[in-house]
Amino acid sequence: MQSLLDISGLGFERDGRQLVSGLSFAVKPGEVLRIEGPNGAGKTSLLRVLAGLYSGYQGDIRFNDELLTSRCRPLLQQQSLFLGHSPAIKMTLTARENLEWLAALQCRQVSAGILEAALAQVGLTGYEDVPCRQMSAGQQRRVALARLFLAPLSLWMLDEPFTALDKTAVLELEGWINDFAAQGGAVVLTTHHDLTTVTPLQSIVLEGSR
Amino acid sequence: MNPLTLTGLCRALLRRELTVMLRSRAELANPLFFFLMVCALFPLGLGPSPQLLATMAPGILWIVALLSVLMASDSLFRSDFEDGTLEQVLLSPVSLYLIVLIKTLGHWLLTGLPLTLLAPLLALMLQMPSSGLVVLVLSLAAGSLVLSFIAAIGAALTVGLKRGGVLLSLLVLPLFVPVLIFGSAAVQRAVQGMDSVSPLALLAAMALLSLALAPLAIAGALRVSLDQ
């Protein structure tokens with residue numbers, strides 16, 4: 001099968017330390033790739049390079065066989081979702097307002113039905129119009145995760161997605177990742193969490209600078 | 001899952017910007033209070049002589065309005081930077097030019113515009129002749145728009161820094177100077193009964209130019225600030 005994401009000879013440095021060099025890997029539809037490594041090994045930086053937030057890298061990144069430059073990557077931007085450490089949720093806005101605006105950023109208008117279904121999927125039925133300030137950290141995280149169900153996507157890039165989630169939510173998220181992969185989606189994630197139920201799982205290990 | 005039209009997109013961006021600002025009332029009221037309080041201090045410091053205040057009023061109003069805009073702009077991108085919103089904005093397929101244009105306009109609507117509307121009241125308090133009021137409002141309306149856009153460039157450049165406030169002032173104040181010169185000149189000429197069309201026209205030209213060009217600089221500055 002043709003690979004969705006094809007990385008060859010990737011290298012980057014942070015603050016004068018070469019974190020990654022000559023890294024090559026590919027992610028096919030239906031695959032889950034986990035980036036492992038100790039703190040400071042460049043896991044988050046690698047995800048930011050893939051998402052297009054950090055342009056100081058060498059090497060080639062191809063998405064659907066199209067070479068990505070640091071600026072011009074419309075296809076990746078439309079078909080992928082990057083969830084970083086900060087959930088991009090405005091505390092003063094309600095869950096509904098947050099998600100509507102984040103969908104608008106993807107040039108999409110979501111109907112109330114889709115929005116409520118997405119919030120129900122992450123277990124926030126009844127919280128549609130509650131300001132996010134009044135939610136717990138885990139619930140805020142769930143609002144951010146609801147974006148995964150707002151639009152058809154082909155690639156999820158998740159940076160430490162299990163932070164602040166309770167045990168059931170962790171299992172649920174693992175289930176969503178499995179379902180998404182079964183439907184032909186690809187997932188790249190970083191986590192220190194044991195992904196017990198996610199199969200099949202690929203890993204790359206970043207060793208950090210020495 | 002319908003694609004969004006351009007108008008729908010602009011409406012969604014503007015509505016969100018205004019909602020976020022309107023729900024943090026304290027931040028919204030701060031620049032207005034600053035404007036009010038500092039202008040109220042001048043008669044106390046300079047003495048209550050009406051002639052003295054009347055001659056100084058155009059300059060006082062313009063300088064304090066300028067500082068209020070600067071103060072309000074420091075937080076323009078900060079909360080979006082801290083909660084990860086800016087990352088998502090940069091990853092969006094929507095043009096960054098459009099997003100920052102609408103964001104800065106929304107910010108001006110809730111800071112520069114209220115300052116402009118408050119100014120005539122403070123002008124009367126400072127004994128400014130009423131012949132200058134219309135020009136004061138017009139010059140501040142156009143001028144504060146220019147100031148907002150210039151300050152937004154500085155705010156975008158300093159957003160990644162822990163204490164960007166001082167640097168922001170250093171970067172932005174020199175660029176404010178032409179606006180201040182033409183703005184207060186327009187009001188002074190009106191007060192003295194002279195024609196003030198030419199400084200007003202220059203301010204309007206600056207406003208249009210900053211609407212068209214400043215978003216390019218803001219977008220570039222944001223990309224630089226977040227590229228790490």
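A, B, ... follow the sequence lines: proteins, then strands. Residue 1 opens every chain.
- Side-chain contact check for A/E100 versus B/R16: every heavy-atom pair is 4.5 Å or farther apart.
- Among B/R15, B/E82, B/R23, the residue making the largest number of heavy-atom pairs under 4.5 Å with chain A is B/R23.
- Here the closest non-hydrogen pair linking A/A104 and B/V94 is O-CG2, 4.0 Å.
- Enclosure of atom OH in B/Y97 by more than 12 non-hydrogen atoms of other residues, nucleotides or ligands within 6.0 angstrom is indicated.
- The line from CG of B/L91 to CE of A/M157 is 7.0 Å long, rounded to the nearest 0.5 Å.
- Atom CD1 of A/I89 sits about 9.0 Å away from atom CD of B/Q88, to the nearest 0.5 Å.
- For chain A, the nearby part of B/L9 is the side chain; its heavy atoms alone come within less than 4.5 Å.
- A/R133 does not touch chain B: none of its heavy atoms, backbone or side chain, sits under 4.5 Å away.
- The local environment of OH in A/Y127 is sparse, with at most 12 non-hydrogen atoms from other residues, nucleotides or ligands closer than 6.0 Å.
- Residues A/L105 and B/L13 come closest through the heavy atom pair CD2-CD2, 4.4 Å.
- Between chain B and the options A/L81, A/T92, A/L83, the largest number of non-hydrogen pairs under 4.5 Å is found for A/T92.
- A distance of 4.0 Å separates OG1 of B/T85 from NZ of A/K90, quoted to the nearest 0.5 Å.
- Each of B/L90, B/V20, B/L226, B/L6 has some count of heavy-atom pairs under 4.5 Å with chain A, and the biggest count is that of B/V20.
- Proximity to chain B (any heavy atom under 4.5 Å) is shown, for A/Q106, by both the backbone and the side chain.
- Residue B/E27 qualifies as open at atom CD: its count of foreign heavy atoms under 6.0 Å is 12 or below.
- Proximity to chain A is limited to the side chain of B/I99, based on heavy atoms less than 4.5 angstrom apart.
- For B/T5, no part lies under 4.5 angstrom from a heavy atom of chain A.
- Two residues are said to be in side-chain contact when any heavy atoms from C-beta on lie closer than 4.5 Å; A/L53 and B/E87 meet this criterion.
- Comparing A/R48, A/Q78, A/R14 by how many heavy-atom pairs each has under 4.5 Å with chain B, the most go to A/R48.
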